[in-house]
Amino acid sequence: MGYFWLLIDREGRDAILADTLELAGAETYGELLTHPGGHYHFWEKMRRRGPAWLRARNLPAALLSSEYEDWPRGRVVYSPSQDSFLAYADPRIQTPTRIALVRKRFQISGSNFVISGDSHYRSPPTPIIEESET
């Protein structure tokens, strides 16, 4: 589980930047288990790490001049009562190819995965994201 963004890598392809966590390190949030961290703090940490850190992940240094809310984002949580993972995500992430990227990054296989919208995860239009749909 954890939180993530849909970004564009240095070759112009869809990419997932995420901070993930094993279930054993999760915190309880209502009936769900979630990563205790958040998008803002991770983004600020990424900025401090700088362009070399981004290049090592095949991501463009231009991300350093953008805000965490500028990119489509989401969060993956776990529901023990339903034995399934739930991803709250920006609508632009909710395409079959992009969902597959999220599943791969979080190592979620099988049918125990549901993706849903959430008003919290809506970013302003990012033209390059719109054009790069695969």
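The residues of the chain are indexed from 1 along the displayed sequence. Note that the coordinates shown come from a computational prediction; the quantities given were computed from them, not determined experimentally. Only heavy atoms go into these numbers, but all of them, side chains included; no hydrogens, no water, no symmetry mates.
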Can you name the residues that form a side-chain hydrogen bond (donor to acceptor under 3.5 Å, both in side chains) with [X], not counting sequence neighbours?
X	answer
Ser79	Ser81
Gln107	none
Ser66	Trp71
Tyr78	Asp83

Not counting sequence neighbours, which residues clear salt bridge (charged side-chain N to carboxylate O under 4.0 Å, His left out) with [X]? List them please.
X	answer
Glu69	none
Asp19	none
Glu31	none

Any pair counted as ring-ring contact (aromatic ring centres under 6.0 Å, His included), so long as it reaches residues 47-69, sequence neighbours left out: Tyr40-Tyr68
Contacts of Ala18 that satisfy side chain to side chain contact (heavy atoms under 4.5 Å, CB included) - sequence neighbours left out: Phe4, Ile16, Thr20, Arg105, Phe106
Partner set under side chain to side chain contact (heavy atoms under 4.5 Å, CB included) for Asp9, not counting sequence neighbours: Glu11, Arg13, Ala15, Asn58, Leu59
Under 3.5 Å: donor-acceptor pair, side chain of Arg103, backbone of Gly110: yes
Which atom of Pro36 lies closest to which atom of Glu27, heavy atoms considered: CB-OE1, 3.2 Å
Residue pairs passing the salt bridge (charged side-chain N to carboxylate O under 4.0 Å, His left out) test where at least one lies in residues 46-59, sequence neighbours excluded: Glu44-Arg47, Arg47-Glu67
Salt bridge Arg73-Asp90, side-chain N to carboxylate O under 4.0 Å: no
Those residues that, when tested against His39, pass ring-ring contact (aromatic ring centres under 6.0 Å, His included) (two or more places apart): Tyr3, Trp5, Tyr121
